[in-house]
Asks: 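First, the structure itself, so that you have it in front of you.
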Amino acid sequence: MFLELRDLHVKYGNVEALHGINVHVDEGEIVTILGANGAGKTTTLMSISGLVQPSQGGVYFKGKALHEMPSHAVVREGITQSPEGRRVFGTLTVLENLNLGAFTSNDKARIRKTRDWIFELFPRLLERKDQLAGTLSGGEQQMLAIGRALMGDPKVLLLDEPSLGLAPILVKSIFETVRAINKTGMTVVLVEQNARAALKLATRGYVLEVGRVVMEDSAANLLANTDVQDAYLGGSGH
Amino acid sequence: MSLLALRNLTKTFGGLVAVNNVTFDVAEGAIVGLIGPNGAGKTTVFNLITGNYKPDSGDIFFDGRTIKGLPTHRIVQQGIARTFQTIRLFQNMSVIENALAGCHCRMQSGMLSAMLRTPAQRAEEQRALLRATRELEFVGLADEHANLAKNLSYGNQRLLEIARALATDPRFIILDEPAGGMNDQETAALIDTIRAIRDRGITVLLIEHDMSLVMKVCEKLVVLEYGALLAEGVPAAIKDDPRVIEAYLGADTDD
Amino acid sequence: MEEFFQQLTNGLAVGGIYALIALGYTMVYGVLKLINFAHGDLFTIGAYLGFTLFTAFGLAGWVSGPGGVLLVLVMVMGLVALIGFLLERVAYRPLRSSSRLSAVVSALGASIFFQNAVMLIYGAKFQVYPNDIRPSYVLSIMGIDVPLVRIMMIAASLGLMLALYWFTQRTRIGAAIRATAIDQGAAKLMGIDVNRVISLVFMIGPALGGVAGVMVGLYYGQVDFTMGWVYGLKAFTAAILGGIGNIPGAMVGGLLLGVIEALGAAYISIAWKDAIAFLVLILILIIRPTGLLGERVADKI
Amino acid sequence: MTVSRTTSYAGIAVVVAVLPLLLDPYWTDVFVSIGLYSVLALSLNIILGQAGLFHMGHAAFYAVGAYVTAIANTMWGVPVLWAMPFAGLAAALFAMVVARPIIHLRGDYLLIVTIGIVEIVRIALINNVFGLTGGANGIFGISRPMLFGFKIAKPVHFYYLVWAYVACSILLFRRLENSRFGRALNYIKEDDTAAEGSGVNTASYKLWAFVLGAFWAGMTGTIYAAKMTIISPESFSFWESVVLFAIVILGGGSNRGVLLGAFLLIGLPEFFREFASARMLAFGLAMVVMMIFRPQGMLPPMPRFYKLPERIRCITGKGGDAAAQAGGGA
């Protein structure tokens, strides 16, 4: 098994946010996790990255127990994340942000190669490489967050709501980029509210509801499922 | 007649326009839903109404008078109560004390009368206690009154926030994702509670992601996207509006 | 004019010390959002360790001249860095997820502990630095006499500040420190070991504070166990003045406060000298709480 | 709960009443100090414990009260105890002026500013402001207080005066805690934004917490001046503030916790006089250890107890009735 979440429970104080979810991701897949606000999507990604600790169950990557590692070791295992709300380092330049993405690597040649590739994917970032990240537009910050996560040369890329607050035209280009990244063989776990776009991109999907997996299917099946549409627009999708 | 009127409301945070020239009305006695994708500026609109943020431009009228620039506690006193998206209870205090917090703005006694325990002060405490108890009964939390707020379940914490808001004796209540983190049974009960609030003569404005709840309970919907007004109307019309569908499910990337 | 120039250079020398201490406050505040109340006492410990090294082991006599002083400075840096490292491990790390008040009280407790430990070891009386280790030359700049030690102080503090600035701006670890200060969670996602960054910050800050302690000993010739509080508070004022969490801000704030204080003492009243810094602190917090170089950020609700 | 609280207070009262019979004057004097620190810490507790405002400048208010008393007594011949309300008012006024502009500051900033204020006050006193404070030597020759024609001079007299004052303070503060005012302070401590959002005028309550705490500290300054008959700026150093702060924090913020804290921090070191120099060392260490293992303090306040009015069933959905009935509470 490549990446697996086994009976994952997460608690914040007295409140349990995840009530034992099971998710698996195969190498080379794009798996999307859907659900409304508060369903536990971000918590799921954060527990993969080791930023929250499970109260029960665990996260396994190629047999290794990620939940027993500190978060920086998870990055060294090859799992990076572009977090919800982008969380770029606002008072650092674009270039500094990208270089921090490669913090775990000492291979200068590799870093330069990856950086050139990211500038190819997002030419806007090259134009603005010496600008402070906080002065970028929302879409540019999203590109930077993804670029920064790619700088770690990951085996698995976790993307948390890359479409958040972006205009449709930008969402489209971001998603096309994700597809291109996946074509290079990188596994992607995508958390999204933008269900339709996410399902068109993904191979498989999970639907979370208040901390539980309520559906798991191929993306095509989920896209055709009226329950999914109901969950998003109160039964409007015909 | 509209109880709350927003006029050309704009708020920016360091270059980012969070709320952009928003105008809408909430009629007295209505249940209105404010919806839109994450990051659309819904909570910012709430924070502008309740005085947590000051608008850059535009105006807010409550019952015909402007409330722009008033401190939050004065706005509460005028009759606007709210709940918070991320639960903000007084976690280490008991359930009844949380409800009593709402009564505060309708009480008068101060430091001296408390030290002297005047009859008026004691009578007022009793009245407040009665009111707070009633509101706990209204949301179904009376049996939990001696519990600490932090020991309540997530759904009950949301209900306690509503009870606290109701104890301020509002004419208008703002609910920020009241069903967030609730299961299906709790959500169903919440729908009844929201209707009961309106039946008490209190106007309701709510933000909610659970679309089935919004469609069931709201009489009017206001849709925001990128901080601006996208659409406004009755739920039936809103859910067939292609612009809204696009904003929610996302654009068809193949188009 | 001569008076003004004297006060200005004196203010810059003292301001350099404030700045070096302020850097410790501001860096710790940056990564932990904690006022390290014990930082002033680490400065005192530096001053006393310098005293011990100069007198008990006679390093200054053993290695002649500036080399000895330099050696002592380096040793003090290392020792105080170690104490800073232990301080964070013992008094702050267990409280990482506790309330702000707990951390503040723990910091205060550590401060009281250090101050009294110094008193128990060295006694309540002030200690005198050996006279022969500090240069007694007086330089003449444009006809105005300035003690060489003052110029050396200014140069040393500026040198250390520039080195730190270079380190934080131009190195990988420096970028990790800045990233951790902005957003710990995002820094973890970069693979940065945030605990190690915090430990490092708790070594760099105290090291600079320790050097500042030795410099005060060299400049004024004597040290006492309570000096950490006054210098600490003033350095903290300097950090706020420049915008807490902001490294260049601490440097500017320190130098500025030193000059304001020196000129205020000379031209207003020496008796109120210590009150000037506190008045500046209160005014800056009322008028512009984010400091001169800080940015205003809206609180999230 | 209330029973145990009442009995424990009764127990304390009995012990306090008979204690002087067993003590020599020296130890009686120690307990006078414990009493004085208890009242001061109780008044700080309103600000720090109840409202959660990080205030470390309480000695400044105490100093204002003591100096007003000393000046009124030595210069104008005002009987010491008569000066008490004026000392309180002067401190309250001072608090109102200095606290207003800083009240909105965030926790640790407020802490630093209050430290600054206490230092400025001390420096001002040393510099003999208005020519009234007597500079670094302070003011001496303050007369002994008279109560109903009885001269209070011996430690045992002061003992009963101070502890009667402690008892009054606790009674009044307990009432205050269990009121709208006390709750409002707790709301602010728990969540400032939610308190404001529930209709509490947070800025005003924070200020009133300061003013009341200062008023009490100012009045306590009178008794301090009367007991010492000589006061100087060094009696009101920053360290006094730190000790008071520690009494409240280590005690846990309840009134009984304050009494316990005052006893441990002021009284206990007297038992270990041979280690006197190391006592601050242990004290600092205790603060660190306490925060790690018991951050809520030794005796945190117990939740308030409310006797709820008789239940009237209220069915959700028939809210109109509920509103009509509930409306009576407004």
Side-chain angles (χ1 to χ4, degrees), chain A residues 12-13 42 45-46 48-53 69-93 95-106 108 111 132-135 141 144-154 157-160, chain C residues 26-27 29-31 33 89 93 96-99 165-201 242-250 290-301:
Chain A
Y12 294 114
T42 295
L45 288 199
M46 285 300 177
I48 299 175
S49 283
L51 260 66
V52 294
Q53 296 304 315
M69 298 179 184
S71 50
H72 58 91
V74 173
V75 176
R76 284 180 194 277
E77 289 297 321
I79 298 180
T80 65
Q81 182 178 161
S82 158
E84 187 188 14
R86 301 152 201 147
R87 291 170 79 169
V88 296
F89 301 109
T91 50
L92 269 52
T93 65
L95 201 58
E96 284 174 324
N97 268 276
L98 287 176
N99 288 342
L100 276 167
F103 184 79
T104 52
S105 170
N106 285 316
K108 289 226 168 80
I111 293 172
L132 292 186
T135 63
Q141 287 191 10
L144 178 56
I146 296 174
R148 192 177 63 173
L150 289 172
M151 284 295 288
D153 202 17
L157 175 68
L158 310 176
L159 295 174
D160 198 347
Chain C
T26 225
M27 287 177 77
Y29 195 91
V31 296
K33 306 292 171 270
R89 275 301 171 91
R93 189 164 297 188
R96 204 67 75 65
S97 56
S98 307
S99 77
Y165 188 72
W166 175 84
F167 175 73
T168 54
Q169 295 296 322
R170 290 279 172 269
T171 66
R172 214 165 65 108
I173 307 291
I177 292 176
R178 286 186 294 148
T180 302
I182 299 168
D183 184 338
Q184 270 195 29
K188 284 181 185 169
L189 291 177
M190 301 300 106
I192 295 169
D193 185 345
V194 166
N195 278 333
R196 281 179 66 182
V197 168
I198 290 169
S199 285
L200 183 65
V201 163
I244 189 117
N246 184 323
I247 288 171
T290 50
L292 296 177
L293 302 187
E295 283 171 58
R296 209 171 274 270
V297 198
D299 283 332
K300 197 106 181 103
I301 292 172

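We name chains A, B, ... by the order of the sequence lines, and we start the count at 1 in each one.
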Asks: For C/G191, does its backbone N or O pair with a side-chain atom of A/R76 as donor and acceptor, under 3.5 Å?
Replies: no
Asks: Which one, A/V88, A/L92, A/L158, A/N97, leads in non-hydrogen pairs under 4.5 Å with chain C?
Replies: A/L92
Asks: Can C/R178 and A/T91 be said to form a side-chain hydrogen bond (donor to acceptor under 3.5 Å, both in side chains), step by step?
Replies: CA-CA 9 Å; C/R178 286 186 294 148; A/T91 50; over 6 Å; no
Asks: Between the side chain of A/S71 and the main-chain N/O of A/G50, is any donor-acceptor distance below 3.5 Å?
Replies: no
Asks: Given heavy-atom pairs under 4.5 angstrom as the criterion, report whether the side chain, backbone, both or neither of A/L51 touches chain C.
Replies: side chain
Asks: So which atom in A/I48 and which in A/V74 form the shortest heavy-atom distance, rounded to 0.1 Å?
Replies: O-CG1, 3.6 Å
Asks: Given heavy-atom pairs under 4.5 angstrom as the criterion, report whether the side chain, backbone, both or neither of A/S105 touches chain C.
Replies: backbone
